[in-house]
Structures are given as C-alpha cells and as structure tokens.
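Here is the structure we will look at.
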Amino acid sequence: MDGKILLENHREFLKKRGWILANRCFLCCEEEETIDHILIHCTRARVLWELLFALFGVAWVISFSVRDTLLGWRGFYLGKKRRKVWKAAPLCLFWAVWKERNMIAFDNEELSIHTLKNSFVCNL
Ligand SMILES: [Zn+2]
C-alpha cells in the first residue's frame, strides 16, 4: 500500500468520526490544516507564491516546509533594491495568508483571492 492510500484511509477514518472538520484548512477546505500546508502547499497560498515569482520573473521551486523555504531563500542575483523586497517576501506572504485565514476562521469571512492578493502586494 503506498503512502497516498494510507493517508486517504486515515482521513476517511477521521472523517467518519467527525474529527477532520476540526482542523480542516480554512482556505481550501480540502486538506488538513498544518502550518506547512496553509503557508506553502495550500492552493490558495500557491496563488500568492506564483504571483510573487511572476513579479520577480523567477522560476523557483518551493521547499516542502516553511523552515526549508526560509532557510533556502536567497536573492543574491537580484539588484540591491529588489533583493530587499525579495527577502521580505516570504514573511509578507505568510502574514497575508495567516491574516486571511483568521478572518475566515474567526469572523466568518468568505475567502477572496482578490483581497488576499491585494493584501500581499500592498504589504510587499
Ligand atoms: Zn488549504
């Protein structure tokens, strides 16, 4: 049995007991909510990552975890001014995603990709 099937079975098990809803990702409502998921792997966060890479015109492979992403984040090939923004980008992105997540979680807001993008770009 491969890992994916195992994971599916695990989720099925949790779902039957109504546990999975407790920590389902607020942004995509599909995956279990973990820090790495919500900030990096979630399809909603991905939109922002892709936006960031498009803004800088870079091809970047995002690491699997938040920790590795921050550790591997380098902008040595950018000019001085752009490098500053680039360096701040992951934290801006995390902040925008987290703020949006809390608005959905605590204020029952609907997810708006538009607001999310705006909040990210404005912070940046
Ligand atoms: Zn998600």
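Atoms within a ligand are numbered from 1 in the order they appear, just like the ligands themselves. Bear in mind the structure is a predicted one, so any value in this text is a computation, not a measurement.
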Would you give the angle at the Zn ion (ligand 1) between H37 atom NE2 and C28 atom SG, to the nearest 10°?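 The NE2/SG angle about the Zn ion (ligand 1) sits at 110°.
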To the nearest 10 degrees, could you say what angle the Zn ion (ligand 1) makes with SG of C42 and SG of C25?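 So the angle at the metal works out to 110°.
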Which atoms form the tightest heavy-atom contact between L124 and A89, and what is the distance?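 Smallest heavy-atom distance, with atoms named: CD1-CA, 3.6 Å.
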Please test V85 against F56 for side chain to side chain contact (heavy atoms under 4.5 Å, CB included), starting from the C-alpha separation and ending with a verdict. CA-CA 10 Å; V85 181; F56 278 85; 3.9 Å; yes
Please find out if the Zn ion (ligand 1) and some N, O or S atom of H41 are separated by less than 2.8 Å.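 Of the N, O and S atoms in H41, none lies under 2.8 Å from the Zn ion (ligand 1), which means no.
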Could you please spell out the steps behind the ring-ring contact (aromatic ring centres under 6.0 Å, His included) verdict for W86 and W73? CA-CA 9 Å; W86 175 257; W73 199 257; 4.4 Å; yes
With a 4.0 Å cut-off on N to O distance, would you call E100 and R44 a salt bridge?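 So E100 does not pair with R44 through a salt bridge.
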